[in-house]
> 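The structure that follows is given in the form of structure tokens.
Residue numbering restarts at 1 for every chain, and letters A, B, ... go by the order of the sequence lines. Please read all numbers here as calculations on a predicted model, not as lab measurements.
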Amino acid sequence: MVSSGAGRLGELLREGVVARETPRAPRLRGLLLFVLPLPLLFGALIALGAGRLESFLADASGFALFMAAAYLTRRGIREAHLRDRRRRFARLPRLRLQTLGGLLVALATGWCVLVSLGQGAGLALAFAAVALLGFHLSYGLLPEAPEQPFDLSDARARKVAAALAEAEQKLIEVETAAARIANPELKARLGRIALKGRRILEQIAERPTDLFRARKFLNVYLDGVRQVTDGYARTHRQADVLALEENFRGVLVTVEEVFDEQHQRLLDSDLMDLDVRIEVLKQQLEREGLS
Amino acid sequence: MNDPDSNRSTPARPALGARVLGVVLLFFSVGLVSCQALFSW
């Protein structure tokens, strides 16, 4: 089970490399949802100027709902984009922001028909349904089929998948913190560390038995890197930059070495395992008089 | 050469025709309701 899942995972990882090399940031997607409700804002301002509190509240509440929906949708789109680029193992929250955004668009539309236009519930529902359909066709509403790199029917595979997801989440946090650091050299070092970390994760995914060998890497080093990077990203603009930077650089150099060693150790153990398997096979063949 | 996007494991975005229809429906619902709210009093 694990090996078939790992084989499939190998394919996914190769695909992932391709996907990561072609990032296309969705700059404009979802902006329409900010633009379409703008008349409500003007309506609210005019109502306020005319001293009509009721109309103002109706239009302003509708506009606020639309803005919340647009914000959630944009964040959802960005998150999906990041997942395509960086996530192979870590899972997204089950409830997608985009789904929430779509439901909120429908709610806001119905609310405006009811409250701002003073129409009946039937018409409000009809408009809400049209808005929901429009949203679904434009941005997609229903959750995508979950990506499963492993055959998760096996308990050990589930354990490996959970460990990899957790480790990848830590690497993503390192990358996120690195983006806030101004020094290009340190940023590049962190980029390399994240890349090496991913390489180790990919190796574990190819051979889940390596999970045991890499437990120190997963439990101690990754956590350490994440904490130090996050701390540095938060404080380096305020504190004594030079001393702090030098210390941080030292830590990163060590971490890079440790990650390289870890990778090499996993490769060596793979070779050793292969050696043992060949030896066992040879002895078996000799016993059975085949060689 | 393969299109890199075709290798993705996540489903592609909705087709262009569907997206255009979706935008039209959004204009018809959200846009129309907002404009009506602006001119309704």
> How about residues 116-125 of chain A versus chain B: which residues have heavy atoms under 4.5 Å apart?
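When heavy atoms of chain B are the reference, residues 116-125 of chain A contributes A:S116, A:L117 within the under-4.5 Å range.
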> What's the spacing between A:I200 CD1 and A:L222 CG if we round to 0.5 Å?
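Rounded to the nearest 0.5 Å, the CD1-CG separation comes out at 7.5 Å.
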> Could you tell me which portion of A:F66 (side chain, backbone, both or neither) has an atom closer than 4.5 angstrom to a non-hydrogen atom of chain B?
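It is the side chain, since no backbone atom gets that close.
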> Are there more than 12 heavy atoms of other residues, nucleotides or ligands under 6.0 Å from atom CZ of A:F34?
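Count over threshold, so yes.
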> Just one of A:E168, A:E173, A:E166 clears the salt bridge (charged side-chain N to carboxylate O under 4.0 Å, His left out) bar with A:K170, so which one?
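Considering A:E168, A:E173, A:E166, a salt bridge (charged side-chain N to carboxylate O under 4.0 Å, His left out) with A:K170 is found only for A:E166.
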> For the CZ atom on A:R192, are there more than 12 heavy atoms of other groups (residues, nucleotides or ligands in this structure) within a distance under 6.0 Å?
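For A:R192, atom CZ is crowded (more than 12 foreign heavy atoms under 6.0 Å).
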> Under a 4.5 Å heavy-atom cut-off, does chain B meet the side chain of A:V105, its backbone, both or neither?
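The side chain, not the backbone.
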> So which atom in A:L211 and which in A:A163 form the shortest heavy-atom distance, rounded to 0.1 Å?
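Between these two residues, the closest heavy atoms are CD1-CB, 3.7 Å.
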> Under 4.5 Å from any heavy atom of chain B, what part of A:L33 do you find: side chain, backbone, both or neither?
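Interface part for A:L33: side chain.
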> Mind listing the closest non-hydrogen atom pair of A:G43 and A:D59 along with its distance?
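Taking every non-hydrogen atom into account, C-OD2, 3.4 Å.
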> Do you know which of A:V130, A:T109, A:L133 has the most heavy-atom pairs with chain B at a distance under 4.5 angstrom?
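Heavy-atom pair counts peak at A:V130.
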> Looking at A:V113 and B:V33, what are the two nearest heavy atoms and their distance?
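In this case the closest contact between A:V113 and B:V33 is CG2-CG2, 3.6 Å.
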